[in-house]
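A short worksheet on the structure shown next.
FYI, side chains are in, hydrogens and waters are out, and symmetry mates aren't considered; it's all heavy atoms of this structure.
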Amino acid sequence: MVKLPYLPDVSALPGALRPSQGDAWLERWRSCLESTADAALLDAIAELDKSPAGPQLLQSVFANSPFLSQCLTSDISLLSDVLNHGPQWVLRKVLEDLKSKASRSADQAELMRRLRGLRRRAAFAIAYADIAGFWDVAAVTQALSDFADTAVDAALSGLLRQAAARGELAIDDSAEMPSETCGVTILGMGKLGAGELNYSSDIDLIVLFDPEQVDYRHSRGVQQGMVRLTRDLLRVLDERTAEGHVFRTDLRLRPDPSAMPLAISVNAALTYYESLGQNWERAAMIKARPIAGDRALGARFLEELKPFVWRKHLDFWAIEDIHSIKRQINAHKGGSVIAVNGHNIKLGRGGIREIEFFAQTQQLIWGGRDPDLRAPKTKDALAALAAKGHVEPAVAASLGEAYDFLRRLEHRLQMVEDQQTHVIPQENEAVDGLAVFLGYAEPAAFRDALLTRLRTVEDHYAHLFEESPSLSGPGNLVFTGGDPDPETLATLAGLGFESPERAWKVVSGWHHGRYRAVRSTRSRQLLTELVPNVLELLGKTREADQALVKFDSFLAGLPAGVQIFSLLCSNPRLLELLAEIMGSAPVLAERLSRNPSLLEAVLSQDFFDPLPESAVLERELQTALAEAQDLQDCLDLTRRWANDRRFQVGVHILRHKGTVDDSGRALSDIAAATLRALYQPVIDDLARNHGYLDGSGLAVVALGKMGGREMTVSSDLDLILLYELPQEERQSDGAKPLDPPRYYARLAQRLINAVTAQTGEGTLYEIDMRLRPSGNAGPIATSLSGFRRYYAEQAWTWEHMALTRARVIAGPADLAARIDETLRHILSRPRDGEALLADVAAMRRRLHKEHPAKSIWSVKYAAGGLIDLEFLAQYLQLRSAADNPDVLATATQAAFSRLADAGVLDQDQALRLVEATRFLRQVQEALRLTVGPAFDADSLSPALQASLAATVGLQDFAELRETLVTTLAWVHGVFVDTIDAAAPADSGEADQVALP
């Protein structure tokens with residue numbers, strides 16, 4: 001057996017600057033040894049004295065730390081236990097004794113004595129593991145936190161038992177720790193909550209209770225009873241006796257400490273945070289953790305508090321607010337200059353607090369949207385921020401290394417006298433002694449190492465918090481007073497505003513608090529900083545005056561201003577994009593006015609990357625829905641996700657980040673992902689009353705632009721909902737069973753409502769069900785057998801044409817396969833070519849009559865427009881599919897390509913049809929994004945005409961117009977040759993039916 005297995009090598013131990021300083025303590029300790037009769041202990045000490053590392057260990061302890069020396073002389077077997085069994089074993093025994101012995105103390109005096117004795121053993125064991133190099137900083141801080149958790153819990157359990165013995169309350173005394181179900185929870189805050197407690201730290205606690213759970217029986221009442229219990233807890237932990245103390249305890253992080261009692265009911269605390277909670281309290285709650293008492297109650301409280309801490313919208317105002325706290329700390333505590341002697345390594349420049357704030361503020365900003373960033377430990381938070389691209393990996397690594405260095409230094413400082421100090425000594429000799437205690441052979445090397453870390457932290461912190469972009473104005477901009485300042489009008493004219501007086505009135509109205517968003521002093525202060533950049537950027541747009549009007553509408557719709565103005569102040573590139581949207585994309589501007597939080601999505605690193613494949617989008621949405629508690633949460637989270645992604649596609653279109661095919665696919669995939677995400681939650685919600693129905697399922701079939709994956713930014717959803725009847729007669733298995741037709745009708749209606757309902761996050765899509773069998777007169781959900789029968793016996797030609805774009809979006813895989821087979825069968829059946837031709841031609845003539853194109857810019861209905869192209873593709877597919885089913889494709893462009901492959905179309909002609917479809921879709925998309933559908937672009941101002949041409953990717957408006965005229969004429973010629981001229985006049989089905 002290895003003698004003294006936990007004695008480190010001599011090279012791992014620090015020395016002492018003045019070894020003789022430990023002589024008195026060493027002599028006292030040996031004197032205590034002389035009085036012991038423990039042979040095993042004496043053998044261990046004899047082995048220690050013979051070992052090369054023994055004298056060095058004793059010197060490291062007795063010459064450097066009076067506190068650790070006191071621990072050894074007060075508990076003579078302590079060193080032997082650590083050397084023989086290891087610090088982990090000693091700590092484990094301490095935790096066991098806290099639970100089994102301290103928590104069963106008969107009175108407060110006994111409880112205090114036991115707690116202090118066990119604290120002494122834990123403190124030495126942890127210090128030994130640190131000094132000997134057995135544990136790294138993370139292990140040391142976690143061990144300190146584990147002891148604190150158990151000590152507080154043992155103290156609470158002991159006090160509960162004593163109160164129960166007095167008849168004041170009832171507890172479950174059969175449990176090892178009756179605190180577990182007592183209705184009182186203790187939250188650890190700060191470093192304790194994060195599991196990062198420092199060596200001689202105080203502990204920040206919040207004591208909460210649920211009056212419904214606490215079985216309190218004294219006449220003073222539960223509130224006063226819990227306050228008394230808390231006072232007793234503070235005394236047991238905090239009071240300094242001849243044996244020392246357990247922890248200095250601080251309750252000032254509780255809600256409104258100047259007015260609130262020491263113990264607070266859970267409901268009172270929630271009410272405070274929801275109505276009056278401050279940003280610094282949000283930052284503090286990042287690290288909050290139930291550490292003692294009824295941990296389940298604490299966990300429920302923190303779960304309910306999540307919306308307060310982790311806001312769904314980015315919160316850049318938190319940076320300035322929390323940074324103001326940091327400035328106050330610097331002002332009141334000192335440490336505005338980096339030094340060694342006398343420097344505060346926690347609160348001073350480059351210190352621990354700056355690393356913590358660096359991580360916490362960015363967690364507040366990004367953590368509401370990304371749960372992966374909510375790590376309470378500082379280094380874990382830095383690593384997560386780096387992994388998600390919010391912090392450079394090298395920055396996170398250097399801050400993490402500095403954090404470990406400073407925390408290790410902090411521990412050595414505090415080990416000396418067990419004082420809660422973070423200040424390097426003023427005297428050079430004391431600094432040199434600290435350096436040697438840390439293991440540095442040369443004190444100068446320690447000074448260099450410390451300064452390097454402090455300056456590294458300061459540089460990164462300053463870059464994040466103290467360097468803000470200049471918002472200085474381009475000239476004189478004064479918006480106070482009753483009349484415009486002449487120099488301000490001149491500046492506005494120079495910026496590009498054709499009506500400077502009108503622009504002055506608009507901006508002046510902001511400063512006078514005309515809208516809700518600018519009624520607070522702080523919001524107006526922020527807007528004042530933004531105005532010069534806003535005006536300069538809007539002035540660069542093609543229609544500065546109109547862009548300003550749109551921006552004014554944007555402000556008018558904001559419910560509050562501080563959040564969004566802080567966001568824009570912190571992100572100049574976001575302000576640039578906002579100005580571009582206001583000047584070039586009124587549709588996006590309108591969406592922003594309704595939902596300003598959409599801007600936050602732009603800050604994601606991958607915002608301008610191509611949208612991922614549909615499977616990735618679905619996984620992303622499912623991850624977002626993981627926190628949903630009910631269907632309402634699903635509706636809101638789905639809308640938030642879809643709005644972010646749709647806005648992203650709109651900005652991509654504006655910035656020419658992809659083709660119209662890319663945007664059509666992306667928008668269609670977003671819509672499909674939302675339908676699939678809502679499918680199961682809607683079923684589960686229906687099942688609460690009506691149960692489930694085995695043997696089939698409901699399938700969602702998309703047609704139109706969604707079916708063809710050709711959606712635009714303003715497309716609605718054309719849907720058919722199909723189900724298959726179970727083979728056996730049955731009803732759903734819920735409390736209120738339904739037969740299949742009624743069950744699926746209700747399920748279909750709920751799914752439609754889930755998509756179309758207006759919630760606090762807006763709507764998802766409008767849904768058009770007119771393409772279902774029998775149109776608006778038909779049932780909302782149709783059985784698959786009824787669907788087959790309808791298309792075999794009753795469906796009109798235009799319904800068969802619409803079915804060429806059908807694809808299953810959601811539903812059971814086996815049902816989807818049967819529907820796909822049914823669709824292929826319907827579309828591939830033999831047809832009367834002449835009757836089909838007559839019907840298609842008659843429908844086109846009727847559409848031309850009912851929806852005449854106002855100009856060539858009505859690219860959907862214009863002769864040679866998108867309707868002609870879609871009719872052409874659908875007609876040729878229906879006519880050819882019986883002989884060659886491979887011509888079937890839901891997308892118009894793909895259909896032309898397949899028709900060419902099958903020999904139905906000439907390859908060159910098919911290629912031109914594909915390009916014509918793509919070009920007309922691009923014009924339609926640009927018009928809907930910028931000026932709205934069916935707008936006559938010839939009436940636009942030259943500036944907006946140029947913007948439209950740029951959006952389509954052409955040099956100027958003249959080229960755009962010429963290309964459009966040429967394309968429409970050629971497509972119309974193909975349509976006439978193929979359909980119109982070949983069909984007999986005044987024939988076909990169109991006049992007999994109301995088209996959708």
Side-chain angles (χ1 to χ4, degrees), residues 612-626 628 631 634 638 642 665 668-687 690-704 706-709 717-728 730 732-733 738 740-741 743-752 754-755 764 767 769 771-773 780-789 791 803-828 885-886 888-891 894:
E613 295 297 320
S614 58
V616 177
L617 289 174
E618 287 188 45
R619 287 197 299 271
E620 177 183 282
L621 178 52
Q622 288 298 334
T623 299
L625 290 176
L631 180 60
C634 290
T638 303
R665 280 192 297 269
S668 302
D669 288 346
I670 292 167
T674 60
L675 286 169
R676 284 192 275 266
L678 290 173
Y679 182 86
Q680 191 61 44
V682 170
I683 292 176
D684 293 339
D685 186 65
L686 179 68
H690 302 295
Y692 296 94
L693 183 61
D694 294 331
S696 179
L698 185 75
V700 182
V701 181
L703 301 94
M706 185 184 181
R709 295 181 80 192
L717 307 183
D718 293 300
L719 301 181
I720 293 175
L721 302 175
L722 300 177
Y723 64 90
E724 193 168 46
L725 289 169
Q727 293 183 358
E728 300 176 4
R730 66 179 65 181
S732 59
D733 59 10
L738 296 172
Y743 182 88
Y744 288 118
R746 292 198 185 182
L747 178 57
Q749 188 59 62
R750 287 190 180 217
L751 185 61
I752 292 170
V755 175
L764 272 174
I767 290 180
M769 300 287 293
L771 294 178
R772 69 185 188 270
I780 194 168
T782 306
S783 70
L784 183 55
S785 59
F787 179 80
R788 293 190 187 108
R789 188 165 54 252
Y791 273 90
L803 213 60
T804 62
R805 313 192 75 183
R807 62 187 177 98
V808 181
I809 297 298
D814 55 344
L815 177 58
R818 288 192 288 275
I819 292 173
D820 286 338
E821 182 182 350
T822 297
L823 293 173
R824 194 172 184 84
H825 175 76
I826 293 171
L827 296 173
S828 301
D886 289 342
L888 295 173
T890 58

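- Residues Ile809 and Leu719 have side chains not in contact (no heavy-atom distance under 4.5 Å, counting atoms from C-beta outward).
- Judged as a side-chain contact (heavy atoms from CB on, under 4.5 Å), and not counting sequence neighbours, the contacts of Pro681 are Leu631, Cys634.
- By the 4.5 Å heavy-atom criterion applied to side chains, Met706 and Leu675 are counted as neighbours.
- Expressed to the nearest 0.5 Å, how far CG of Leu625 lies from OG1 of Thr638 amounts to 4.5 Å.
- In this structure Asp718 satisfies the side chain to side chain donor-acceptor pair (under 3.5 Å) test with no other residue, sequence neighbours excluded.
- Using a 4.5 Å heavy-atom cutoff, the side chains of Leu722 and Thr822 are not in contact.
- Within the 4.5 Å cutoff, the side chain of Thr623 has no heavy atoms near those of the Glu620 side chain.
- Side-chain contact check for Tyr692 versus Leu686: every heavy-atom pair is 4.5 Å or farther apart.
- Taken to the nearest 0.5 Å, the CG atom of Leu747 stands 8.5 Å off from the CG atom of Leu721.
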Handout entry: Chi angles and distances behind the side-chain contact (heavy atoms from CB on, under 4.5 Å) call for Leu621, Glu618
Key = CA-CA 5 Å; Leu621 178 52; Glu618 287 188 45; 5.8 Å; no
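- For the pair Arg709/Asp669, a side-chain contact is recorded, criterion being any heavy-atom separation below 4.5 Å from C-beta on.
- Using a 4.5 Å heavy-atom threshold, the side chains of Thr674 and Val755 count as separate.
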Exercise for the section: Might you work through the side-chain contact (heavy atoms from CB on, under 4.5 Å) test for Arg807 and Ser668, ending with a clear yes or no? Expected result: CA-CA 12 Å; Arg807 62 187 177 98; Ser668 302; 4.1 Å; yes
Mind listing the side-chain donor-acceptor pairs of residues 813-821 below 3.5 Å, one per line with the distance, residues two or more places apart or on another chain?
unit_1 : atom_1 : unit_2 : atom_2 : d
Arg818 : NE     : Glu724 : OE1    : 2.7
Arg818 : NE     : Glu724 : OE2    : 3.2
Arg818 : NH2    : Glu724 : OE1    : 2.7

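- Of the possible donor and acceptor atoms, one in the side chain of Tyr743 sits under 3.5 Å from a partner among the backbone N and O of Gly691.
- Within a 6.0 Å radius of CD in Gln622, other residues, nucleotides and ligands contribute more than 12 heavy atoms.
- Here the side chain of Ser732 pairs a donor or acceptor atom with the backbone of His690 at under 3.5 angstrom.
- We find the CG-CG distance between Leu803 and Leu827 to be 5.0 Å, quoted to the nearest 0.5 Å.
- Judged by distance alone, the side chain of Tyr723 and the main-chain N or O of Ala745 form no donor-acceptor pair under 3.5 Å.
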Practice task
Just do the side-chain contact (heavy atoms from CB on, under 4.5 Å) check on Tyr744 and Leu693 with the steps written out, would you?
Solution key: CA-CA 9 Å; Tyr744 288 118; Leu693 183 61; 3.5 Å; yes
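- For the pair Ile826 and Phe787, the tightest heavy-atom approach, listed with the atom from each and the gap, is CD1-CE2, 3.8 Å.
- Checked against Leu703 for a side-chain contact (heavy atoms from CB on, under 4.5 Å), the options Ile720, Leu717, Thr890 give a single hit: Ile720.
- Across all non-hydrogen atoms, the minimal contact from Met769 to Ile780 is CE-O, 3.5 Å.
- Nearest heavy-atom pair across Ala754 and Leu764 is O-CD1, 4.3 Å.
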Exercise for the section: For the pair Leu888 and Leu823, evaluate side-chain contact (heavy atoms from CB on, under 4.5 Å) and give the outcome as yes or no after the intermediate values. Expected result: CA-CA 10 Å; Leu888 295 173; Leu823 293 173; over 6 Å; no
